[in-house]
Each structure stands twice: as C-alpha cells, then as structure tokens.
Amino acid sequence: DAGVIQSPRHEVTEMGQEVTLRCKPISGHNSLFWYRQTMMRGLELLIYFNNNVPIDDSGMPEDRFSAKMPNASFSTLKIQPSEPRDSAVYFCASSFQGGAYEQYFGPGTRLTVT
Amino acid sequence: AQSVTQPDIHITVSEGASLELRCNYSYGATPYLFWYVQSPGQGLQLLLKYFSGDTLVQGIKGFEAEFKRSQSSFNLRKPSVHWSDAAEYFCAVGPGGGADGLTFGKGTHLIIQP
C-alpha cells in the first residue's frame, strides 16, 4: 500500500523562480494537509483541505504561497516568486475525516532557494 | 490558541535504559494528542494517539504514553531503549473531528549511547 507520495524529494532553485511541490494522498483519504519544517520554527501547518476544499489557509506565510487540490488524488503547493527564507522541508499529510484521525505523512520535499 | 511544549531539546540515554520524553499542552477543550517519530531524512511516523478513555495508551515499537489532564501532560515512555530508537520525537495536539491540522512541539532529539 503506497503511502503519501510527494515529488520532487529535493528541489534546488534560485531566488525569484517559481516552485511547485506535488502531493498524492492515500487513496480514500479525504483530508489533506501541507506542513513546513524549519530549524527555527519547527513544524507548522500551512493549509489543509477537506474533500478538496481549502478550509484553513491562515498558516500560509504570504501571498507568494498558494495551494490547490483539483481532485481527491492530487494537490500542489506553489511558491512564486521563491525567496531564500522559503528553504525548508515541506510535508504533505492525509487522513480520513471521521475515521481514526491519524495523519499519514509523506517523505517530504527538501527545498533550497539560493 | 493551542500550543505544545517539549521542554527537552536533546536527551541522551544509554541503550537498555528507560526513557521518558516530556510533553505539555495548552488547549481549551478535550485534546486529541499524538506522538510522532522522525528518523533523519524521513517523514513522520505515528507512534500512538490519545482520544479518550484509558489514559495510558500503548503504541508501536514498545512505546506508551500517559495522559494527565491535571498536569496538561502527555509524556512518552519506553522501558528499555534500543539504538534504533535514536530519532526526533514530536508531540502534537489537535481538535476533534478528524480533519483539522495539528499543532506540533519543537521536538526532542533522542541520542542513544552504547
């Protein structure tokens, strides 16, 4: 059983470039979460979706960040333009609303903006 | 606003010794509590969770945690650690409902001495 899939696993880009991170949740899960992990701030919730609808994006740092979930099996997190302070590990997690409420995490995307 | 405090940034334990990692939370209602483990370069794996009922919960890999409402604590324990337990451990709190984001502590880095 395939867990949460994230791509790419590593991304190195230059400041000002657009970055798109991708996530495929576990089949049958209807909630999807994007988190960011940095040494300074730890793990922070950026945004989450229920049934493909964004519910809370209060954690999105600024307008340069956007997230979409066009269908139940795919989500993207886009940063445009990217800045060095966006360097972090970005995790996607999914869960089944109404179930045991366990969030399953993907392996993460390590983003480096130079 | 909910918060989680893990007072120990690093803990060093000898292999075979017992372990206790501390976690204190702040939450206005009955919390859902979790412990996750992260190995280097990996995503987060759920060790155990508490929703209600018995305040002593058992998890995977021989871990257990005890919920103490009066102390707002949810400490993680293991009677005898193995070298493979070396990792980063995160405590998290979330509201009920099965589809809301989690608030994580900053993590405790566990080092195992031979």
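Note that this is a predicted model, so its numbers are computed, not measured. Lettering of chains follows the sequences in order, A, B, ..., and the numbering in each one begins at 1.
Ionic pairing of B/K106 and B/E88 is not present here: no N-O contact between side-chain nitrogen and carboxylate oxygen is shorter than 4.0 angstrom. A salt bridge does not link B/K61 with B/D85: every distance from a Lys NZ or Arg NE/NH1/NH2 to an Asp or Glu carboxylate oxygen is 4.0 Å or more.
No part of A/R110 comes within reach of chain B, as not one of its non-hydrogen atoms sits under 4.5 angstrom from that chain. With a 4.5 angstrom heavy-atom cutoff, B/L46 touches chain A only via side-chain atoms. Heavy atoms closer than 4.5 Å to chain B are found nowhere in A/E44, neither backbone nor side chain. Of the atoms belonging to B/Q38, it is side-chain heavy atoms, and not backbone ones, that fall under 4.5 Å from chain A.
Under the 4.5 Å side-chain heavy-atom criterion for grouping Ile, Leu, Val, Met, Phe, Trp and Tyr, B/L33 is connected to B/I60 within one hydrophobic cluster.
The shortest distance between side-chain heavy atoms of B/F67 and B/F51 does not fall below 4.5 Å.
The disulfide bond (SG atoms under 2.5 Å apart) analysis of residues 48-97 of chain A, with sequence neighbours excluded, yields the pairs A/C23-A/C92.
Between chain B and the options A/A93, A/P107, A/G106, the largest number of non-hydrogen pairs under 4.5 Å is found for A/P107. Chain A forms the most heavy-atom pairs under 4.5 Å with one residue out of B/A92, B/G43, B/G107, B/G105, and that residue is B/G43.
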